[in-house]
2 protein chains.
Amino acid sequence: MNNTPKILIIEDEKKIAGWIKIYLEQAGFSTEIAYDGVEGLNMIHTQNPDLIILDLMLPRMRGEEVCTRVRQKSNVPIIILTAKNTKSSLLNCLDSGSDDYMTKPFDPDELISRVNALLRRSYKQSSTIQKCGALELNRETGTFTVNGENIPLSAAQLSIMEIFMDNPNIILSRAKLIEIAFQSNFTGYERAIDNHITRIRNLINTKDFNPIKTIYGSGYKLEC
Amino acid sequence: MNNTPKILIIEDEKKIAGWIKIYLEQAGFSTEIAYDGVEGLNMIHTQNPDLIILDLMLPRMRGEEVCTRVRQKSNVPIIILTAKNTKSSLLNCLDSGSDDYMTKPFDPDELISRVNALLRRSYKQSSTIQKCGALELNRETGTFTVNGENIPLSAAQLSIMEIFMDNPNIILSRAKLIEIAFQSNFTGYERAIDNHITRIRNLINTKDFNPIKTIYGSGYKLEC
DNA sequence: ATTAATGTGTCAGAAATATGTCAGTTCAAA
DNA sequence: TTTGAACTGACATATTTCTGACACATTAAT
């Protein structure tokens with residue numbers, strides 16, 4: 001696989017497809033769009049995407065059918081988009097390990113977060129270069145830049161920023177941050193995170209740039 | 001929902017009940033068993049399970065009756081067990097969003113799979129975005145927006161808005177708001193709510209947008 | 001091996017934020 | 001107009017977060 005994971009969006013509503021495309025590309029993924037089920041299935045074979053976002057209500061071939069056919073040949077992770085209250089036989093087709101689904105309407109930031117989670121779970125790397133506004137993280141080299149300027153981060157700081165970049169605009173509790181960053185080999189006091197945050201802020205903040213927000217009573221959130 | 005979902009099995013045949021229990025526990029769930037309908041209903045209230053597996057043929061109270069009574073108070077997902085060929089009036093009671101059913105004899109792996117699907121769905125459903133006119137609440141991330149603009153709310157404010165969004169266009173008394181929002185660990189003066197309302201209004205109101213109405217003598221109502 | 005530099009958890013005020021109470025004012029209904 | 005209800009700014013208290021200082025651990029340099 002090359003550096004930038006390719007995501008195939010199969011969605012007939014052009015507005016929504018375009019909207020998802022923009023969000024994903026801002027987050028550093030490369031994308032393709034198919035506007036109906038048959039085209040989608042073809043593109044899966046020709047493009048070999050790393051992840052598929054699949055709407056169920058599609059012209060020419062229903063999403064369920066696409067899903068079933070893909071699963072006969074491949075384990076590529078799939079995120080299903082469904083309208084709320086749509087009862088579907090599709091649940092049989094979902095593999096809890098490699099798939100996920102979201103009901104419309106959904107939060108684009110949540111989508112990014114799930115894409116990253118699934119890509120990680122499927123043991124393909126997340127995007128090597130992850131962008132989030134002015135912030136940019138290169139996982140391969142462990143370099144972190146703000147507006148192109150390199151900011152050297154310590155190991156713990158980098159771990160925390162990775163989590164934030166994987167989950168942009170989502171509130172992360174201290175417990176969650178510790179759990180993901182230190183993989184349960186951390187026994188200490190939850191408030192240690194506060195210090196890391198302070199230190200990261202001192203490194204990246206400028207007068208009117210303060211992307212790590214405190215959510216009083218809940219945790220922190222990276223805004224971008 | 002906490003880490004280990006608790007599943008209540010209501011089934012009078014001890015052999016089958018035990019067998020289901022073993023399978024579910026092997027799959028990582030915690031389980032309880034009730035051997036008749038009345039006991040089952042009691043345990044639903046005392047144990048507050050995350051999912052119920054309910055046989056229809058039960059002593060003391062039929063499964064249909066249990067199902068109906070549960071649904072008066074709760075949306076906990078239910079998987080109905082029926083003997084093959086038993087068409088039942090039960091279909092009225094089934095909510096396609098949160099319930100499922102299986103005919104005996106059944107494959108234990110299929111049971112596990114359905115349990116997971118339902119739990120996932122019930123979890124996701126309560127966590128997706130809830131809309132009410134211009135207001136939008138994301139329960140998972142605790143984000144609240146008005147016309148797309150993010151409004152940071154404090155814990156108490158968020159609790160109150162959640163209740164309003166769950167009960168749109170319904171008059172809620174101060175007592176009710178306090179009861180739901182603070183789960184009875186509130187001993188103070190009922191009028192504290194007034195202040196929360198004022199503060200929320202200051203955050204979300206604009207010139208001609210005032211969704212929280214005062215119902216003189218009764219309480220408040222979210223209009224949308 | 002020794003020393004220096006860096007990283008990171010803990011702690012202790014200080015600062016910021018949240019929220020219940022209260023009081024004076026405004027408002028709604030009869 | 002009268003009366004009780006609701007509004008809202010001010011305040012006090014409690015909780016949460018921030019951040020500099022420190023100690024210990026780890027890494028790098030010699």
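When the C1' atom of dG7(C) is taken as reference, atom CG of Leu158(A) falls 14 Å away, rounded to whole Å. Following rounding to the nearest Å, Ile197(B) (CD1) and dA5(D) (P) show an atom-to-atom distance of 18 Å. Spacing between atom CD1 of Ile193(A) and atom P of dG7(C) amounts to 17 Å, rounded to whole angstrom units. For the pair Gln157(A) CD and dT8(C) P, the computed distance is 6 Å after rounding to whole Å. The CD atom of Glu190(B) sits 11 Å away from the P atom of dT21(C) (whole-angstrom rounding). Summarising the geometry, the separation between CZ on Arg174(A) and C1' on dC18(D) is reported as 10 Å, rounded to the nearest angstrom. As a whole-Å value, the separation of Asn210(B) CG from dC7(D) C1' is 13 Å. The interatomic distance linking Arg201(A) (CZ) with dG20(D) (C1') rounds to 16 Å, in whole Å.
In terms of polar N and O atoms assigned as donor or acceptor, the side chain of Arg199(A) comes within less than 3.5 Å of the base of dG9(C) in a complementary pairing. Residue Asn202(A) places no side-chain atom within donor-acceptor reach of the base of dG20(D), judged by atom type and a 3.5 Å distance cut-off alone. Between the side chain of Tyr189(B) and the base of dT21(C), no donor-acceptor pair under 3.5 Å is found. One N or O donor and one acceptor, one from the side chain of Asn195(B) and one from the base of dT21(C), sit under 3.5 Å apart.
Distances shorter than 4.0 Å separate some side-chain N or O of Thr214(B) from OP1 or OP2 on dC7(D). Note on His196(B): a side-chain N or O is less than 4.0 Å away from OP1 or OP2 of dG20(C). Taking 4.0 angstrom as the limit, Arg191(B) places none of its side-chain polar atoms (N or O) nearer than this to OP1 or OP2 of dT8(D).
Lys6(A) and Glu32(A) are not joined by a salt bridge, as no carboxylate oxygen comes within less than 4.0 angstrom of a charged side-chain nitrogen.
Side-chain atoms of Asp194(A) lie closest to dT19(D) of the nucleotides dT19(D), dT19(C), dA5(D). If you check dG7(C), dA28(C), dA18(C) against the side chain of Ser154(A), the one that comes closest is dG7(C).
Each of Gly219(B) and Tyr220(A) was assigned the nucleotide of DNA chain D with the nearest heavy atom; the assignment lying further toward the 5' end belongs to Gly219(B).
Within the 3.5 Å criterion, the main-chain N or O of Glu149(A) finds no donor-acceptor partner in the side chain of Asn147(A).
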Determine, step by step, whether Arg199(A) and Gln157(A) satisfy the side-chain hydrogen bond (donor to acceptor under 3.5 Å, both in side chains) criterion, reporting the C-alpha distance in whole Å, the side-chain angles of both residues, the deciding distance to 0.1 Å, and the verdict.
-> CA-CA 8 Å; Arg199(A) 287 161 185 156; Gln157(A) 289 161 2; over 6 Å; no
Go through the steps for Glu136(A) and Thr145(A) under the test side-chain hydrogen bond (donor to acceptor under 3.5 Å, both in side chains), then give the verdict.
-> CA-CA 5 Å; Glu136(A) 207 176 293; Thr145(A) 62; 4.7 Å; no
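The number of heavy atoms from other shown groups lying within 6.0 Å of CZ (Phe209(B)) is above 12.
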